[in-house]
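Reading through the structure tokens given below for one structure.
In the text below, chain A, chain B and the rest are named by the order of the sequence lines, each starting its count at 1.
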2 protein chains.
Amino acid sequence: MIPSRPALEAAHFVDRLERLVRASEAADDLNPAQWEALRYFVRANRFSRTPAALADYLVSTRGTISRTLTSLEAKGYLRRGPSSRDGRSIECFLTAKATKALSRDPLTALARDIEAACGEDTPALAEGLRSTLLTAIARNGGRAFGACFTCRHFRADVRPDRSAPHHCGLLDEPLSQVESQAICVEQESQAV
Amino acid sequence: MIPSRPALEAAHFVDRLERLVRASEAADDLNPAQWEALRYFVRANRFSRTPAALADYLVSTRGTISRTLTSLEAKGYLRRGPSSRDGRSIECFLTAKATKALSRDPLTALARDIEAACGEDTPALAEGLRSTLLTAIARNGGRAFGACFTCRHFRADVRPDRSAPHHCGLLDEPLSQVESQAICVEQESQAV
DNA sequence: TCAATATGATTTCGACTAGCAATCATGATC
DNA sequence: GATCATGATTGCTAGTCGAAATCATATTGA
């Protein structure tokens, strides 16, 4: 199937926009892969802050990710520690330096441009891109990494604990309100 | 200014979509930069098929581009020759091998996903992205590289020659119908 | 229970890429 | 015609990536 001209143009624009972002990223002392790692960890829930999950998210290899994290840790953006859930696994935490860096994330500049250019049509654009992403991920056999609360294992308000009222049916763990908004490596769409 | 949530999400989706494309690109014997060079040259008009124009388009340096082109030439995707317009300049031509490679461009797969996901909203998505790109380029002080016929130097149907009826007022050159659709390094928006 | 297998993280290795700065040639300017 | 701007390339260096090997821990199933 040959895509229509608007579809081809849209793909080109995605490509060029991303290249502009990458050009800005080099200005800091972080490279594109390192930026993406920071962006991931700040949005990932506690089941998903591992090198392997990041490798899946970025469609990269674990070896490559390992070195990216070593580099981030050396520069003081990240701390690695053993996982309490799995003896093989490593858990990653962002430092205050990382949080500060994220406040000047070049991707935020792109978001501003989107808003300036699209105005009230921004939500429609976001929805179109979201559904495109899901289509593309399905085609490539990858994982969606959607928000926790959109998952079919999510159970809302089933616990008496007010600080963690929700529940993950897959991992059998309580979930706070904030956690339910985070992205999760295990997330699966509601629809069957 | 802090962007709205939909704007931030849209930016994230652009980022992730591009990463998926990059992951597919590695499957061929071309790397991302080489793919982008091929995509550029197949769409660039004859005033724009130079290393310097490509460097501007990709927001890269001429040294880097020079090496990318050397690599493409060694692999048989590209041919470099002297420019007839400028003794310092080099003109690049894609080979049949490049044309064939472009038919399996991973970015075309993205275009298909866009069309599958957005259906009749695809043109609206393309417009939103186009106007975002123009905003982003303006902010970064770059060049737009728009289609020739959208340029303020473009003069339609001013020549008797049916094979090249249009005219570029900046370079003082005749333009064919096909050329007027191509992207141009000199393109400037109509609006003042 | 315990061997076989799967998964998670890391490291080594080699190929490649990027940007910077220097160099050389040609064009444009005054 | 001297000076400066522009176009292309290359040496240098730092850094990136992926594949494969290695080691540790979990999981599975006979």
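- In this structure the side chain of B:K75 reaches within 4.5 angstrom of the side chain of B:S71, judged on heavy atoms.
- At a threshold of 4.0 angstrom between heavy atoms, the contacts of B:S83 with the nucleic acid are absent.
- In this structure, the side chains of A:R139 and B:R112 stay at 4.5 Å or more apart for every pair of heavy atoms.
- Ring-plane geometry between B:F154 and B:F149 is classed as perpendicular, the angle between the planes exceeding 60 degrees on a 0 to 90 degree scale with a lower cut at 30.
- Between the side chains of B:R80 and B:T70, a donor-acceptor pair is found at a separation under 3.5 Å.
- The distance from atom CG of A:L54 to atom C1' of C:dT10 is 15 Å, rounded to the nearest whole Å.
- Between A:D86 atom CG and C:dG8 atom P there is a gap of 7 Å when expressed in whole angstrom units.
- Under 3.5 Å, the side chains of B:N45 and B:S48 contain a donor-acceptor pair of N or O atoms.
- Across the protein-nucleic acid pair, B:D56 atom CG and D:dT6 atom P stand 11 Å apart, rounded to whole Å.
- Side-chain contact between A:L69 and A:F41 is present, with at least one heavy-atom pair separated by less than 4.5 Å.
- Classification of the B:Y57-B:F145 ring pair by plane angle, with boundaries at 30° and 60°, yields perpendicular.
- Between the CZ atom of B:R88 and the OG1 atom of B:T50 there is a distance of 11.0 Å, given to the nearest 0.5 Å.
- Atom CG in B:L58 sits about 10 Å away from atom P in C:dG19, given to the nearest Å.
- Note: CZ (B:R88) to P (C:dT26) measures 11 Å, nearest angstrom.
- For the helix from C:dT1-D:dA30 to C:dC30-D:dG1, the angle separating the two terminal helix axes comes to 30°, with each axis derived from five pairs and the value rounded to 10°.
- Computed from coordinates, the B:E25 CD to C:dT17 C1' distance equals 15 Å when rounded to whole Å.
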Fill in the blank from the handout: 5' to 3', nucleotides 9-21 of chain D under a 4.0 Å protein heavy-atom cut-off (B base, S sugar-phosphate only, - none) gives BBBB---SBBS--
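- Between B:S89 and the phosphate of D:dA8, there is a side-chain N or O to OP1/OP2 separation shorter than 4.0 Å.
- The CZ-C1' distance, from B:R85 to D:dT6, rounds to 15 Å in whole Å.
- Listed for the A:T108 side chain is no donor-acceptor partner under 3.5 Å among the backbone atoms of A:R104.
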